[in-house]
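The sequence lines fix the lettering, A, B, ..., with proteins before strands; numbering per chain opens at 1.
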Amino acid sequence: MNIFRRLKAGARELVRRDKAESELSEELNAYLQSTAEMKVQAGATREEALRSARLEMGPMESVKHQVRAVGWEFPLEVFLQDVRHGGRMLLKAPLFTAVAVTTIALGIGFNTAMFSLVDAILLRPLPYPEPQQLVVVGTHQRGESGMSPMGTADFLAWRDHQQSFEQVAVFDGAGGSYSLSGMGTPERISGVGVSANFFSVFGVAPLKGRGFNPGEDIPGAPAVVVVSESFWRNHLNSDPEVLDRTLTLEGKQRAIVGVMPAGFRFPSGRPIDVWAIRALYPPAGRPPYGLIAIGRLKPGIRVRQAEVELDQIATQVTAQYPTSPELFGAVMPMKDWMVSAYSTPLLVLLGAIGLLLLIAVVNVASLLLARATARQREVAVRMGLGASRKRIICQLLTESSVLSLLGGLLGLLVAWSAIRAFLALGPGQMPRLNEVGINSGVLLFTFVVCVGSGILFGLAPAIEASRPSLTEPLKDTSRSSSSASAHRTHRALLVFEVALALLLMIGSGLLIRSFVRLSEVNPGVQADHVITAAISLPNKYLDPLQQQQFWHQFLERVQSVPGVKAAGITMSLPPNLLEITNPFTVEGQGYDRQRQQQLAEEMTVSPDYFRALGIPLLRGRFFSPSDRVEGEKDPMIVIINEAMARQYFNGRDPIGGRIQTGDPNPTAPWETIVGVVGDVKYSGLDSRPGPTIYVPYNENSWGGWSRDMYVVVRGSGNAADLVPAIRTQLESLDTTIPLAQIRTMGELLDDSLVQQSFRTWLISGFAALALLLSAIGLYALISYSVSQRTREIGVRVALGAQRGTILGMVLREGMQLLSFGLLLGLLGAFSVTRILRSLLYSTSPTDVLSFGATSLLLVAVTVVACYIPARRATKVDPMVALRYE
Amino acid sequence: MPDKNTALVQGTLDMLILKTLALEPMHAHGIGLRIEQVSRGVFQVNPGSLFPAFKRLERAGWVNSEWRATENSRRAKYYALTTAGRKQLKLETRDWETQSVAIARILEA
């Protein structure tokens, strides 16, 4: 009632402000007239009466102000008035406004874009019901951190005995693709083998049909498959009858039983085509370790508790397999498992872009500060008319907030385009990119950053502009009255800006140097003229002998293609497509189970693989086609790499030496070393050289591992030109097999550095912008300072100062700022570049060259930025300067 | 210019205006003059206090206003007590009496 009336009355006055104002004026005038009339009656003249009545009332504006201040609507009205005034002032200086708004828009836009990435990938919970209960489970060895896949024996024991989880499921850790045939050209699609209860662990309902039923992962059950929404849309044209269709994967027909919704992308967080059944066969031994388990914790159970329970179960399994190493449980929140590799790079990028925004803010603040000095007269007039300092500061802050909100609005546009550009051009290997977007959380972030930076860059200028010096600016029309303290603040801001810019530049310098080192790493192969592709043999090639025959024929046919110099096949490809590692024992080492496990990268290859990739032979010989081993009597042979020869044969000739592979076991068969080849990177260009063991692909004990191979072909000309001929040869053998993942060796090398190159160039871009902004900032400060000192310089010149002296005087100011900034920036960099350590390859976070080169660059650019206005100062004509008044 | 109403207890002015209007509707100058006369010049209410008080009372719904011709046939805004204002005046008067009796007792003790 009462409140409602007040609200209504206030709102009415707000809307019909003019009427209320004129009524108030009329009422006050009537009051004045009445007072005057009384005085006339008392004997005063009309004029005297009016004059004294006015005196008694005081300034009429002040009375009106007091009346206005009664309503609740008053602060709002003041604010709107400030906004209007601010807008007018901004319109009056269009160049200033354009520069400031653009700077802020870029800063806020990039920040918003980066934050939306961080938000979607790192901050937001996974899009499943009660995602905090979901974990990924594996094993690790004593003294090892991290998580390795587990074997079937471990999984089955854990599944049957665990108490901590509502449900546990498993997926194929090595899985990744299936060959799809029967729908036009055969192709490879992405997919993963999972246990039957995989989807029910997530609690996500299918879009169509169902997930897998219990029992469908028992060997011999009917073959079924679940497809993703994108596969359904792109490959099956959103067929509504999709549940009546089948897919031929690896040559085997499977019934489609369900379609998962678009948001479901486990395990990689990237688009996936199909989920197929991974049948769990009773294990022959503890290895191979190829399964990754997932589970939903019971309410109240912690990760650590689940881990302890898994430790106990794993210990029992270790007891069952006496030759296997001791294993322990590793349990990790599912989100961490998916995204933790990206958290440091993303946070570093967010930090870098945050620094850039800070620099932008400082730049706008110094622009505003220069304007504040110019607006001292306006401020002095307003204060003279009775405005309080608080009022002036509020008004100026409102003005800067208007500026930053304009910048923020434009920034949202920048953010939107930056996100689109990133999704289109950035490294697509990141998980959860489908969740990236501008949502309410991101908008809130933008708004807070906007208002925050508005206040940040507005505060110092507002305080300076409102510094109570009433008479100075009014009485003196010359330019020499700039407030010394404003200038001091301005210079401090510039020092800060230079320091921030240097910090960013040093960060980018370190990343560039690390990237250069990384791209100079010798991968161990001659990449020119080499084309690679993946070939997977379908189910009908189940027999190892069939596989060997296929590869033998295929390689012979490819070899006969004109222009082909050498063709080989391999399980793993450099620089980072390693399939498996295996423990090994060198003859004479003994079988201590407690010994730290020694692992080698192991792969099967065809004899010409080494020639095709140009891997040098150091001792002994390559494999030859006559090495065909048909029976147990024949000795098993291997080739090892230089690192293994050096590390395990200290100076002895490894040729003829013997090793065993697999878990340490005295009865395991011996393999004889016939050759030593150069080191090749298989675990990433940034990996350390470690032991590698090559096995002939037609080795009996590796039968069954030769279904998924990479083909490597060296040509004499452009490698990509060989692709059609290779495909023809493949089709001449079997038309259902796709030639997949066709890449030149050069492309593979570049691809392996996509993340590094992306973040290096992004941060370097930020650093370049930072350098530009601080150069502009310094240039503006020195120009301003020169224009303020025109008269002084004129006097000096008139009194005989040399041009050189003037130049030095002006430059000295800039150099002082620069050196303080440099010092501060270097100190800052020394203390924070440590956070980059995990992103740097063989580059120290305090690398002298990066620090030095970037500092020099900063000095060079800022000296130029100071020199231009300083030279202008030397051209000052004393007559003109003195007549300036 | 000496400000004689500084001694006016906060909120008292509103009560005095309500009391003044209890007799008849009046305009701003008349109200000021009446308070000054009745108080024998102790309270001189300046316009900087008077006009905000009118707005406050009007917003509270205790007085309403209308433009009317004065005795000198000028236009002036006349304020009149509403029913709610009359109630409020009674309330404030009672409170004031209680308080002033209490204060007097303390001062005499």
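- If you tally non-hydrogen atom pairs under 4.5 Å between each of His27(B), Arg75(B), Lys55(B) and chain A, the highest count goes to Lys55(B).
- At least one side-chain heavy atom of Glu27(A) sits less than 4.5 Å from a side-chain heavy atom of Phe54(B).
- Contact of Glu26(A) with chain B is made through backbone and side chain together, with heavy-atom distances under 4.5 Å.
- In this structure, no portion of Met60(A) lies under 4.5 Å from any heavy atom of chain B.
- Considering only heavy-atom pairs separated by less than 4.5 Å from chain B, the leading option among Leu28(A), Val70(A), Leu24(A), Val63(A) is Val70(A).
- Salt-bridge annotation for Arg59(B) and Glu73(A): present, with a side-chain N of the basic residue lying under 4.0 Å from a carboxylate O of the acidic one.
- In terms of the side chain to side chain donor-acceptor pair (under 3.5 Å) criterion, residue partners of Ser65(B) (sequence neighbours excluded) are, by chain and number, Glu58(B).
- Here ring pair (Phe, Tyr, Trp, His ring centres under 6.0 Å) pairs that include residues 53-82 of chain A, with residues two or more places apart or in two chains, are His65(A)-Phe74(A).
- In this model, a donor atom of one side chain and an acceptor atom of the other lie less than 3.5 Å apart for Ser25(A) and Lys64(A).
- Here the side chains of Asn29(A) and Leu32(A) are in contact, with some heavy-atom distance below 4.5 Å.
- Using a 4.5 Å heavy-atom threshold, the side chains of Arg68(B) and Glu66(B) count as touching.
- Listed by first and then second residue, the ring pair (Phe, Tyr, Trp, His ring centres under 6.0 Å) pairs that reach into residues 376-395 of chain A come to none, sequence neighbours excluded.
- Chain A is approached within less than 4.5 Å, heavy atom to heavy atom, by Lys77(B), Tyr79(B) from residues 76-92 of chain B, ordered by number.
- Of the atoms belonging to Glu23(A), heavy atoms from both backbone and side chain fall under 4.5 Å from chain B.
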